[in-house]
Amino acid sequence: MPSLTDAYKNHPVEHNLIAPLDFSLIKDVPESHAWIQSNDLKENPNINKKELGLISVPIINLEDTNVLELIFNACETWGMFQVTNHGISKQLLEQVEFEAKKLFNLPFEEKMKTLRSPEAATGYGYPRITPFFSKLMWNEGFTIMGNSLIDHAKILWPNDFQGFCDVMEEYQTRMKDLSDKLMGLLLKSLNIPGPYMKEMDNDLCTALQLNSYPTCPNPTRTMGLAQHTDTFLFTILHQSANASGLQVFKDGPGWVSVDPHPGALVVNVGDLLHIISNARFPSAIHRAVVNNATQRLSFAYFYGPPLDFQVAPFLDYPGCEGPTFKSLKVKEYVGIKSKYLDMALSFVRKSC
Ligand code: OGA
Ligand code: NI
């Protein structure tokens, strides 16, 4: 069975672009992390503040009788929504936060024992998109996939790894169930028949990414996670309630903050759903900014088809025009994304 690591093998990352700073020692933003204050870090002067306050990503109750229509509209307009009544307990979310904090609060040398290797997909390190930017990000992450969970937990806590593993295992199981449900709704909202999903049932490509954005002495000079789209079908993100940071790009207003809403999870469309929906559901361009008051944590669950699954625009829904994208395997797309990042979708676009 091909793994994500196999798909990344041809695109190894330099060591200095994987190993984060020891943020606990930093008193000021170093040059390596000082992002130029470009226009997109400033506010758009043409936008009326009041108006901007009213624009926000839709919050959808999963039990709403109009859920299909609400999801369709949110995905078409934003590529993103927040979902409530999702069935993931508050207690589990608190446990995940507790365990993630335990991990990120370990001494730097301990975390470095699980540093992701240059061609691998799991472990501790800077975001995978780091090599595409000239500055480093104010972020440390830990990626979990399959057996990496237990292998890495044993390195971090040789005598006490079970608690971390149990919580992360349980969270991934619950995220998988919720993702299956959301996938069903997303396809239904696009009028794509159920059997399309049946083909995807085995060996789904999923990963759990724990992100920590340490308190930053000068947040306007740096970037937590630079702008990107997620590669797979969609992502479910839980963000800690104590701090905002996630932003989504929308034509017109520009960067719009996606603030934590009590009990809600963020769902954002990724590149593969962008292709399958023939761009009807745009892959959300998003980023995370940091703050000087508190550490912010977020947990992203990436949900994708098996790496050998053939992805193609599904054209049989009303109003759909000719295919905009070529058909390709998930692993081919992962390769293209690793090489071209935000240009990847244009590489698979059909030239008419
Ligand atoms: C990600 C991501 C946003 C956040 O991990 O891909 O977009 O707020 N995270 O941490
Ligand atoms: Ni993302």
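When a ligand or atom number is given, it counts from 1 through the structure's own listing order.
Heavy-atom proximity to Tyr213, at under 4.0 Å, picks out these atoms of ligand 1: 3 (C), 4 (C), 9 (N), 10 (O). Of all atoms in ligand 1, numbered sequentially from 1 with element shown, those under 4.0 Å from a heavy atom of Leu246 are 3 (C), 8 (O). Each of the atoms 5 (O) of ligand 1 lies under 4.0 Å from some heavy atom of Ala300. When each atom of ligand 1 is checked for a heavy atom of Asp230 under 4.0 Å away, the hits are 6 (O).
The pair Lys176-Asp180 meets the salt-bridge criterion, since a charged nitrogen lies less than 4.0 angstrom from a carboxylate oxygen. The pair Glu109-Lys113 does not count as a salt bridge, with every side-chain nitrogen at least 4.0 angstrom from each carboxylate oxygen. A salt bridge between Glu332 and Lys329 is absent, with no side-chain N of the basic residue lying under 4.0 Å from a carboxylate O of the acidic one.
For atom 5 (O) of ligand 1, the closest heavy atom belonging to the protein is Asn211 ND2, 3.1 Å. Leu225 CD2, 3.3 Å is the protein heavy atom nearest to atom 2 (C) of ligand 1.
For the pair Arg296 and ligand 1, the shortest N or O to N or O distance falls below 3.5 Å. The N/O atoms of His286, backbone and side chain alike, include one that comes under 3.5 Å of an N/O atom in ligand 1.
Of all the heavy atoms of His228, the ones lying under 4.0 Å from any atom of ligand 1 belong exclusively to the side chain. The residue Phe299 has no part lying near ligand 1, judged by heavy-atom distances below 4.0 Å. With a heavy-atom cut-off of 4.0 Å, Thr235 does not touch ligand 1 at all.
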**Message:** Walk me through whether Glu76 and Arg280 qualify under side-chain contact (heavy atoms from CB on, under 4.5 Å).
**Reply:** CA-CA 6 Å; Glu76 197 179 35; Arg280 190 79 186 241; 2.8 Å; yes
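The side-chain hydrogen bond (donor to acceptor under 3.5 Å, both in side chains) test with Tyr124 is passed by exactly one of His152, Glu140, Arg116: Glu140.
Between the Thr222 side chain and the Pro219 main chain, no donor and acceptor come within less than 3.5 Å of each other. Side-chain atoms of His238 do not come within 3.5 Å of backbone N or O of Ile236 as any donor-acceptor pair.
Asp230 has its closest N, O or S atom to the Ni ion (ligand 2) at the position named OD1. When the Ni ion (ligand 2) is compared with the N/O/S atoms of His286, atom NE2 turns out nearest.
Figure legend: Arg287 and Trp255 shown as a cation-pi pair, the cationic atom lying under 6.0 angstrom from the six-membered ring centre and within 45 degrees of its axis.
Ring-centre distance between Tyr213 and Trp138: not below the 6.0 Å cut-off.
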